[in-house]
Structures are given as C-alpha cells and as structure tokens.
Amino acid sequence: MSKQLFIKTTEQRQWLEKIATLEETFKSRSQQIDELGSFPHENIRALREIGYTKITLPKQLGGEGFTIYDAVLLHETLASYDASTALTIGWTLLTVGDLFEHEEWEPAMLQKFAQEVANGAIINRAVSEFAMGSPTRGGRPTTTAKKTAEGWLINGRKNYTTGAPELDYFLTSAWIEEQEKIGFFLIPHKAKGVTIDETWDVIAMRGTGSHDLVLQNVELKPSDLVEIPSYSTGFKVNGWALLVPATYLGIAQAARDYAVHFATTHKPNSLNGPISDLPNVQALIGEIELALATARFTLYGAAEAYINPTRKQFVQQELNIAKHVVTNNALQIVDKAMRLVGAKSLQRNNPLQRYYRDVRAGLHNPPMDDMTIKKLAEAAIQQAKGETLHVN
C-alpha cells in the first residue's frame, strides 16, 4: 500500500524529501554496522545537521513543532533506511516530545534544556536495570541519589541505554532514599564519574549502542533533579512512544520492498516470466500487503486520535494496541518476505536476514505483549461490571 495516503501537509512532504537525501548513504552503511556491531556516529551527525533531532521540539523554542503523527510519518521512512539509527534517534524524539508536551520540569530548566536541543543535543531516558527487570512492571531502581550539601550524589548502573556513545544527556531514574521516591536526574555525558561500559553484544539492533551507563559518585546540582513522577513504575507509555513501533513498521516496509522487487525481477529458466506470475508468490505478496496495511492504519489511527483534543481523552488502550499490532505484523511480514525469497534470504549479505533479527527486538520494547493483553482484558471486564451495575 502507498504511504501517500497518510501524508497531509506540505511540510511533511518537504521533510520526507529531506530525509530521502540520506537514503543511499544510510543503506550503504547498514550491513557493516550490523556485522561489526558498530555505532552509526556518521548517521547521527547527519541527522543533527539536517535538524531531524529537534523535530519534536516546539517551534517557538527552535524546533519544528511536529506532532506524534508528523514524527511517525517521517520516522518509519528513516527506519527503512537503517533500523539501528532510527531506534537510537527515536528515543530522543519521543523524550523531547513528551517533555515539552507535559512540561513537568521547572520552567527555567525546561527553557535551558530547549536551547540545548535546538543546538542539536540528543537525550534518552536511562531507566532499565537488570535487578528490576522491565521498568513497566514496577521494580524499584537500585541506582541511588543521596542528598549532599552541594546537591546530589548519584551511584548505580543502567542497562539498555540506547544511543549511549553519542548521547549528550541521560535522563536517569534513581531512588531517593530520603523521600522514598523515584526521581529523574538530568546527567550530562561529560559529567565526572559517567562512563559507558560497552556491553551491547546481541543479534538484533546491533548498532544502537545500548550499552550500560555506569555512574560512580556523580555530583549534580540541586536543580538537576528535574522530575519526580506521579506514576508508580518510574516509566510511562504515552503517545510519543508510538515512535518505537514506527521503527519496526519501517523495517517491515523495507522487507516488503525487497521481496516485491525480487519477485518481479527474478526469472528462473524454468519459467517464462518472473516468479511474481506464480499464484503462491502472489499469495505471499498479498498477505504481506494486508499485514502492512493493518499495521499502518492501526499506528496512524492511534497517532491521529492522540493529537485530536476531543478524542485524546478516550485514548487509553489504543497506544498499547498499536505497538502490539505493528510489532507482531512486522514479524509476519519479514517472515513472509523470507519465504518468498527463499534460501537467498539467509545469506549474510542479504538485508532480509538483518531485518529478521532486528524486527524481533520490538518484542522486548515496552509495553510487552502480555501486559497489553492483560490490560485489555481488565478494561473489558471493568466495563462489563460497570454496565451490569448500571442495569441493576
């Protein structure tokens, strides 16, 4: 299906054209990034240069002021060029979008940080720890923040810190013993006591640099405690988190494009034309198109509802549903693309085997599938109980 259906503004189209100038370069680097597990520094620098890292910063503060709908439209395209790059920068886009939508920081601190973002700074939340499991399940961080005469002293280790080699700031959760609360601290990469332990050695999203962030007696100012969340888990899923499934939708699109091109150009000497003439190949392509359309309508439907003031209040489970549908459909799409292409898809120089590995990482980004299903069931049961009480 054509993504043209979802383009609404001239500004969106102009930015898609700007991103397209990076396509050839990003795609040419993808295989080496994957094979070496190297971080795409050049790609991140290129995105800084064109201003992509600040698209979700409000216009009045020096950004593009894009909504989550705008950002998803651009981001799935970027992910089709290089998934590791897209996932890395996606966390910055969603963090910035969330911060300036909800404005939970002190105004002066938020204004100061906006200047950093406008100048190209990138950020990610550092939340995950091995001891606590997924932050969405309510574990308490073992990273600690102790009050001092000068401010705060931070100690701890965070894992899965995507983009660690290039991040300018880590928005880090820590347990404040005196208050018995979780707080988020804005920690510069250049702060004394901040180091990166290069632990990221996995088979999927190998170029995201999701290493461990090590914090040893990091001294911070009082104002660096920027957020004390009201939510109990120390992690929240909001509309901006749709940028994560948008990344996996981009991978699925890339797999689809490769498979369809292969089907229309591969002509074995046993046939009079390309394999796309075969009914079984057409069936696979049709199933791929159906799964892609379902995922895209679900994702953009959720994004559109979130930015609509009259509908946003009703958006509850839809964000989780979008992540579930997109991720699982993306898995199916890549699998079917590999079935279509055959054994060639398993060659190390074939992008499909990389897409197959990368897309599976989506299963481990929050919210997890079981949590989404559980919440849907609870909401349905609660609604039914409410209706029963109303009738009685």
Side-chain angles (χ1 to χ4, degrees), residues 1-23 26-27 43 46-48 50-59 63-98 100-101 117 122 237-257 289 291-309 311-312 315 318-319 321-327 329-330 333 355 358-359 362 365:
M1 65 173 296
S2 173
K3 200 167 71 174
Q4 298 295 319
L5 180 65
F6 299 90
I7 301 174
K8 296 183 176 184
T9 68
T10 301
E11 193 175 24
Q12 290 170 352
R13 195 175 299 279
Q14 289 173 341
W15 262 95
L16 285 170
E17 291 171 357
K18 187 181 292 190
I19 293 171
T21 63
L22 304 174
E23 178 178 6
F26 280 22
K27 284 183 175 180
N43 292 357
L47 291 173
R48 291 186 199 250
I50 66 170
Y52 188 78
T53 58
K54 58 182 179 181
I55 61 172
T56 57
L57 182 70
K59 273 191 175 181
E64 293 292 328
F66 280 0
T67 66
I68 184 56
Y69 186 98
D70 301 319
V72 162
L73 183 70
L74 303 183
H75 207 65
E76 68 148 304
T77 298
L78 180 66
S80 70
Y81 303 161
D82 184 71
S84 287
T85 299
L87 188 62
T88 297
I89 216 64
W91 287 107
T92 285
L93 300 184
L94 75 86
T95 301
V96 170
D98 172 51
F100 289 92
E101 177 186 346
V117 177
I122 62 174
V237 176
N238 56 57
W240 296 97
L242 292 176
L243 282 160
V244 175
T247 301
Y248 297 102
L249 183 60
I251 299 172
Q253 181 69 57
R256 175 265 184 205
D257 292 346
E289 293 295 283
L292 192 61
T294 302
R296 190 164 278 133
F297 274 107
T298 303
L299 180 64
Y300 284 87
E304 198 164 34
Y306 187 81
I307 65 173
N308 186 319
R311 298 170 65 197
K312 184 177 181 179
V315 178
E318 288 72 17
L319 302 175
I321 291 171
K323 191 269 179 176
H324 185 286
V325 170
V326 171
T327 302
N329 279 29
I333 290 165
Y355 302 153
D358 282 349
V359 80
N365 289 134

(Q) Test of understanding: with side chain to side chain contact (heavy atoms under 4.5 Å, CB included), list the residues that count as partners of N308, not counting sequence neighbours. (A) T310, R311
**Q.** Minimal non-hydrogen separation, A46 against L22, with atom names
**A.** CB-CD2, 4.1 Å
Q | Heavy-atom pair with the smallest gap, counting every atom of A295 and V325 | A | CA-CG1, 4.2 Å
Q: Output all residues satisfying side chain to side chain contact (heavy atoms under 4.5 Å, CB included) with E101, sequence neighbours left out; order by chain, then residue number.
A: W240, Y306, K312
Q. Between V72 and L243, what is the shortest heavy-atom contact and its length?
A. N-CD2, 4.1 Å
Q: Grab the two heavy atoms, one from I89 and one from H75, that are nearest each other, plus how far apart they are.
A: CG2-CE1, 3.6 Å
Q.
Please enumerate all residues that pass ring pair (Phe, Tyr, Trp, His ring centres under 6.0 Å) together with Y300, with sequence neighbours excluded.
A. F6, Y69
Q. Ignoring hydrogens and geometry, is there a side-chain-to-backbone donor-acceptor pair from Q12 to K8 under 3.5 Å?
A. yes
(Q) Tell me whether the rings of Y52 and W15 are parallel (<30°), tilted (30 to 60°) or perpendicular (>60°). (A) tilted
(Q) Show, in sequence, the C-alpha distance, side-chain angles and deciding distance for K59 and E11, and conclude whether the salt bridge (Lys or Arg N to Asp or Glu O under 4.0 Å) test is met. (A) CA-CA 13 Å; K59 273 191 175 181; E11 193 175 24; 3.6 Å; yes
**Q.** Reference residue W91; test side chain to side chain contact (heavy atoms under 4.5 Å, CB included); the match among T247, V96, N365, I122
**A.** N365
Q: Using the side-chain contact (heavy atoms from CB on, under 4.5 Å) rule, take Y248 and L299 through it: C-alpha gap first, then chi angles, then the decisive distance, then the call.
A: CA-CA 11 Å; Y248 297 102; L299 180 64; over 6 Å; no
**Q.** Close side-chain approach of R13 and K18, heavy atoms under 4.5 Å
**A.** no
Q: Only counting residues at least two apart or in another chain, list the ones meeting side-chain hydrogen bond (donor to acceptor under 3.5 Å, both in side chains) with T95.
A: none
Q | Heavy-atom side-chain contact between T56 and T92 under 4.5 Å | A | no
Q | CD1 on I333 to CG on L292, rounded to 0.5 Å | A | 4.5 Å
Q.
Distance check, rounded to the nearest 0.5 Å: L73 atom CG versus I7 atom CD1?
A. 5.5 Å
Q) How long is the gap from CD1 on I251 to OG on S80, to the nearest 0.5 Å? A) 10.0 Å
Q) Going from CG on N238 to CD1 on I68, what distance comes out if it is rounded to the nearest 0.5 angstrom? A) 8.5 Å
**Q.** Working for side-chain contact (heavy atoms from CB on, under 4.5 Å), residues F66 and L74
**A.** CA-CA 10 Å; F66 280 0; L74 303 183; 3.4 Å; yes
Q. Charged N to carboxylate O below 4.0 Å: is that the case for K27 and E23?
A. yes
(Q) Using the side chain to side chain contact (heavy atoms under 4.5 Å, CB included) criterion, which residues pair with A255? Sequence neighbours excluded. (A) V334, A337, L352, Y355
Q.
On a heavy-atom basis, which atom in A291 and which in N329 lie closest, and how many Å separate them?
A. O-ND2, 3.0 Å
Q.
Under the salt bridge (charged side-chain N to carboxylate O under 4.0 Å, His left out) definition, can you give me all pairs with a residue in residues 70-94, not counting sequence neighbours?
A. E76-R296
Q.
Working to the nearest 0.5 angstrom, can you tell me the gap between L249 CG and L242 CG?
A. 11.5 Å
Q.
Working to the nearest 0.5 angstrom, can you tell me the gap between T53 OG1 and L93 CG?
A. 7.5 Å
Q. How close do T298 and A322 get, heavy atom to heavy atom, and via which atoms?
A. CG2-CA, 3.7 Å
